[in-house]
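Here's the structure, in structure tokens; my notes come after.
Protein chains get the first letters and strands the later ones, always in sequence-line order, with residue 1 at the start of each. Side chains included, hydrogens not; waters and symmetry mates left out as well; all remaining heavy atoms used.
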Amino acid sequence: LGVSANWEYADTEGRKGGYFTMDAHMSRAVTEVFVRLYEQGLIYRAKRLVNWDPVLHTVVSDLEVDSEEEDGRLWEIVYPGEGFSVTVATTRPETMLGDVAVAVNPRDERYRTLVGRKVELPLTGRSIPVIADDYVDPEFGSGCVKITPAHDFNDYQVGARHGLEPVNIFTPDASVNDNAPPAYRGLERFAARKTILADLKAAGLLVSEKAYKLRVPRSGRSGAVVEPMLTDQWFVKMESLARDGLEAVASGAVRFVPEHWTATYNHWLKNIIDWPISRQLWWGHQIPAWYDDAGNITVARSEDEASQKAKGKPLRRDPDVLDTWFSSQLVPFSSLGWPEKTPDLETFLPSSVLVTGNDIIFFWVARMIMAARHFTGQVPFRDVYINAIVRDAEGEKMSKSKGNTIDPLDLIDGTTLDALLAKSTVGLMKAEHKERIERYVKSHYPNGIPAFGADAVRFTFASLATFTITLNFDLNRCEGYRNFCNKLWNATRFVLMNAEGKDCGQDEQRPVELSVWDRWIISTLQRAEAEVEAAFAEYRFDNAAAAIYRFVWDEYCDWYVEIAKQQLADGNEAGQRATRRTLVRVLETALRLAHPIIPFITEELWQSVAPLAGKKGETIMLQPYPKSQPEKLDAAAEREVALAKEFVNATRNLRSDMKVPPKDRIALYATGQPSAATVSATVSLARVAEFKVVEELPQSDSPVAVVGPHRIMPYIEVDPAKERERLSKEVARLNGEISKARAQLGNTSFVQRAPAAVVQQMRERVAGFEATLAKVSAQLERLRR
RNA sequence: GGGCGCUUAGCUCAGCGGUAGAGCGCUGCCCUUACAAGGCAGAUGUCGUAGGUUCGACCCCUACAGCGCCCACCA
């Protein structure tokens, strides 16, 4: 796609800012950060309830857990007491083995007398108390909740409030452990569930079972259902860091683009909890903490340092590694040499912009901001540009299992249906998806994908880069922008054909006579440059692309090149020189203007065009970016050309309406004093053989159109009836516009309250329509006679 | 339950208080030596629904409907 990286920095040895996560210099920064945070009291080790992945045998953070709604069941179980019993509801009956209480709401009259009494925990022989806690919603179910502090986050809180010791009933595999009755030990949790339900049923304690939708937390890595478990882990205390992170954005030091992502960022940081950073994996940065036999903790930068601190006591290093995001959050400065004060750090921190997706605002963006502020006192970057998520043509999220992903390389190089089918169904986790995927691919890419080229793909995504959250990918737009790239290519071919080996006006000594059209395209170029600059400044790549597209195609190709053909054919020497100079200079500038979005083609073309425009340089990449020069704006030329274009359009319009074959040249009468630019443009672009300026249009049935102060009449034989019909339609249209505008002006509140300029504009509008109507009506009258 | 966003031409998307736009698709005429992946001309929209504010609303406000995403502890 033409990503322009500084490849010198690809050196992963770390001297130049490139990095691989496990490089020595990166590891050193990670250790340094860990030690400092520990010394500052911002890293601590504690036994807490965490999200446990029983497949990978590691803790994962909240962000690594995905909760999806799934079909589950809700069971009601009776816990008998003496002279009473309570019914609790649960989606996870196996956890009852770890229950330590039954909770009711303190204001719930039904159970007030039971609080403090005991119930028997079925199947275990244990008895547990009935407690009162506000957490319980008396409206839900029976209003009684079983409390399992070791395997439920809410219950953990409740248990803590009531001084109840959690009972952990699972091994790291999530099989039942020895804290449970022998009958269940060693059973995997879902097997245990089955057995327990059967036993409860046998004991008559199972009241009901019904289908129930619930959100199941799954580990993002393994897909395993996460088990809340009490384990010893390392945590980062987030409160102060988060406060600082909020401040960085609130103060404007870091800016989200589009701005609405700020709300997402703020919401997370305001509700942040401490971050468990240790992972029970064997690949990653090892935690720089050591334990002596008594379990005392020593945190140090190295084994030697630890040994010194521990005064030679035998030490064992913590086998855990750090969450991958722990090192990633340091990248903005660790990759630049931190903790040393390097020139790179000085130069590139903060960087100007981070371009990323909204899915890692929490994982990465927020943490980079907090870490950079904490350790360098700086923000890591000033702007965070969040791009849209690209979805498939049906608006579905792209995913391998759906087979609706698009490989950018297939758009660039093209591919066949067979290749696409093979690619999207290879290595499928679920074979049954194959048929569906094949159907999808066949319906959307019956002929595979044509090759669009890297530039067209890049231009397409720029054009689609609006401030929306998602965008549906459409192959057709790719096609349109590929056509634009071709247009640019072909226009350049034309210019080269006419300019190479010829005098392109680079010698300032020789006379150059700029026509109105030359001055107009130069002026229009200034406007395009300003538009593009403004668009880039606000990250509106779609607007930048559109401005370039319109200038190149709609103005330069459609009008200027066409006019230039005539100027080259008919002009005097100074005029031809001016035309070539303008053709070449404007094109050269347009190529530079388009280069960031169309890198390859513009480079290729620029190599040939630049010398003709007197530009020297090895590559377009190192040329200055075009900047609008207001002194080259030419309002007079713009006005004149605007009228000339209208003239041409009106003439073409009449030709088309009258079904004049394109190759027929016609005679055209015009009133008023059309400018030379108008006459020449009309002659060449509307294929007029004879352009006659007259006081009054000839008495004829030929069609008439009104262009500003002019009336024009191509000399065409027409069927008067058809022409009457055409003119009547025009009269009706004008009358409609006039009555709409008059109604506005007849409204006294409008005239009194609307800005004077708007009212004035409306008056001119009416006057314009009326003048046109008068002329058109006159012709219609004539035809009726 | 909270938050964010979206709803404009057949499709993908701009626009935004003062005459509805682009690309693709569609219709007609053209192989006019830069380009048929092109040229010229053209058709197509009660701008999600209902209220409100305003001289004026696609645009601002409110409610509703539909769609999407994020966050959240309801057993």
Side-chain angles (χ1 to χ4, degrees), chain A residues 62 67 74 76 88-92 95 103 135-137 139-148 152-158 212 214-215 258 260-264 266-268 271 358-359 361-362 389 391 393 395-397 450 452 456 460 463-464 466-498 540 542-543 546 549-550 554 557-558 561-562 565 649 652-657 659-663 685-687 737 740-741 744 747-755 757-759 761-762 765 769:
Chain A
D62 279 8
S67 291
L74 184 70
E76 286 186 299
V88 297
T90 181
T91 56
R92 303 190 56 207
T95 62
Y135 159 68
V136 181
D137 174 4
E139 304 297 318
F140 187 92
S142 65
C144 299
V145 184
K146 60 190 274 306
I147 300 298
T148 321
D152 183 283
F153 289 95
N154 290 313
D155 293 4
Y156 184 75
Q157 305 282 341
V158 175
Y212 194 71
L214 72 161
R215 297 184 69 86
H260 64 250
W261 288 110
T262 307
T264 302
N266 287 343
H267 183 258
W268 186 64
N271 297 289
N358 73 65
D359 48 343
I361 288 176
F362 306 146
I389 303 276
R391 315 169 74 117
E396 295 283 322
K397 199 168 172 176
F452 294 114
T460 302
S463 298
L464 294 174
T466 61
F467 279 179
T468 174
I469 291 179
T470 58
L471 67 90
N472 299 347
F473 183 72
D474 181 5
L475 216 55
N476 291 326
R477 285 193 71 161
C478 235
E479 201 172 318
Y481 296 122
R482 174 203 57 190
N483 295 351
F484 175 70
C485 291
N486 284 347
K487 191 76 178 176
L488 186 58
W489 180 271
N490 285 320
T492 303
R493 271 183 51 211
F494 167 81
V495 171
L496 291 175
M497 274 172 52
N498 287 282
R540 285 300 302 263
D542 59 325
N543 289 342
Y549 186 104
R550 284 194 304 266
D554 299 348
C557 292
D558 284 355
V561 164
E562 294 305 323
K565 286 175 185 170
N649 287 337
R652 282 171 167 171
N653 203 314
L654 288 176
R655 289 183 59 121
S656 185
D657 277 356
K659 311 265 186 243
V660 179
K663 59 181 139 221
L685 301 189
R687 302 186 75 75
E737 295 287 4
K740 254 200 306 194
Q744 277 266 39
N747 183 341
T748 48
S749 337
F750 170 71
V751 177
Q752 279 165 11
R753 301 201 191 192
V758 172
V759 176
Q761 196 187 346
M762 192 60 71
R765 202 171 134 71
F769 283 136

**Prompt:** Cation over ring, A:R540 on A:F467, under 6.0 Å and within 45°?
**Reply:**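 Judged by the rule, A:R540 and A:F467 form a cation-pi pair.
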
**Message:** Check for me whether A:K565 meets the cation-pi criterion with A:F494, that is, NZ or CZ under 6.0 Å from the six-membered ring centre and within 45 degrees of the ring axis.
**Reply:**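 Cation-pi check for A:K565 and A:F494: passes.
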
Between [M] and [N] - [atom1] atom distance, rounded Å:
N	M	atom1	answer
B:rU33	B:rU27	C1'	29 Å
B:rG15	B:rU8	P	14 Å
B:rC73	B:rG2	P	15 Å
B:rC4	B:rG42	P	45 Å
B:rU44	B:rC64	P	37 Å
B:rU49	B:rG25	P	29 Å
B:rU54	B:rU62	C1'	16 Å
B:rA57	B:rG52	C1'	11 Å

Nearest-angstrom distance from the residue atom [atom1] of [X] to [atom2] of [N]:
X	N	atom1	atom2	result
A:R477	B:rA9	CZ	P	14 Å
A:F484	B:rG39	CZ	P	12 Å
A:D542	B:rG23	CG	C1'	13 Å
A:D474	B:rA9	CG	C1'	14 Å
A:R540	B:rA14	CZ	P	7 Å
A:N472	B:rU8	CG	P	12 Å
A:N543	B:rG21	CG	P	17 Å
A:R391	B:rC6	CZ	C1'	11 Å

Pairing partner of [N] (Watson-Crick or G-U wobble, both distances under 3.5 Å):
N	result
B:rC31	none
B:rU7	B:rA65
B:rG42	B:rC26
B:rC60	B:rG52

Residue pair [X] / [Y], side-chain heavy-atom distance below 4.5 Å:
X	Y	answer
A:V751	A:M762	no
A:V759	A:Q744	no
A:F473	A:C478	yes
A:I469	A:W261	yes

**Asked** How is A:L471 classified with respect to the nucleic acid when contacts are heavy atoms under 4.0 Å: base, sugar-phosphate, or nothing?
**Response** sugar-phosphate

**Request:** Describe the nucleic acid contact of A:T468 in one word from base, sugar-phosphate, nothing, applying a heavy-atom distance below 4.0 Å.
**Result:** sugar-phosphate

**Request:** Classify the angle between the aromatic ring planes of A:F140 and A:Y212 as parallel (below 30°), tilted (30 to 60°) or perpendicular (above 60°).
**Result:** perpendicular

**Item:** First of A:S463 and A:Y549 reached from the 5' end of RNA chain B, by closest nucleotide
**Value:**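 The 5'-side residue here is A:S463.
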
**Message:** Using 0.5 Å steps for rounding, measure from the CG atom of A:D155 to the CD1 atom of A:I147.
**Reply:** 4.0 Å

**Request:** Rounded to the nearest 0.5 Å, what's the gap from OG on A:S463 to CG on A:L471? Could you check?
**Result:**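 It is 11.0 Å, given to the nearest 0.5 Å.
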
**Asked** Does A:S656 reach the main-chain N or O of A:R652 with its side chain, forming a donor-acceptor pair under 3.5 Å?
**Response**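 Not at all, since once roles are kept as given, no pair shorter than 3.5 Å links the two residues.
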
Pull out every protein N or O sitting under 3.5 Å from an N or O of nucleotides 71-75 of chain B, one pair per line with the distance.
residue : atom : partner : partner atom : Å
B:rA72  : N6   : A:R215  : NE           : 3.3
B:rA72  : N6   : A:R215  : NH1          : 3.4
B:rC73  : O4'  : A:N154  : ND2          : 3.3
B:rC73  : O2'  : A:N154  : ND2          : 2.6
B:rC73  : N1   : A:N154  : OD1          : 3.1
B:rC73  : O2   : A:N154  : OD1          : 2.9
B:rC74  : N3   : A:D137  : OD2          : 3.2
B:rA75  : OP2  : A:Y212  : OH           : 2.9
B:rA75  : O2'  : A:A89   : O            : 2.5
B:rA75  : N6   : A:D137  : O            : 2.6
B:rA75  : N6   : A:F140  : O            : 2.6
B:rA75  : N1   : A:D137  : N            : 3.2

Which atoms form the tightest heavy-atom contact between [X] and [Y], and what is the distance?
X	Y	value
A:F452	A:R482	O-CG, 3.9 Å
A:K146	A:V88	N-CG1, 3.8 Å
A:R655	A:R687	NH1-O, 3.0 Å

Nucleotide nearest [X] when distance is taken to its side chain, options [options]:
X	options	value
A:I469	B:rG5, B:rA14, B:rC13	B:rG5
A:R652	B:rG23, B:rC40, B:rU19	B:rC40
A:T466	B:rC11, B:rC13, B:rG28	B:rC13

Which atoms of nucleotides 42-44 of chain B (N or O only) lie under 3.5 Å from a protein N or O atom, and what are those distances?
residue : atom : partner : partner atom : Å
B:rG42  : OP1  : A:N653  : ND2          : 2.9

**Item:** Over 12 non-hydrogen atoms of neighbours within 6.0 angstrom of CH2 in A:W268
**Value:** yes

**Complete:** A correct 5'-to-3' footprint of nucleotides 29-37 of chain B, with B, S and - meaning base, sugar-phosphate only and no protein heavy atom under 4.0 Å, is SSS--BB-B

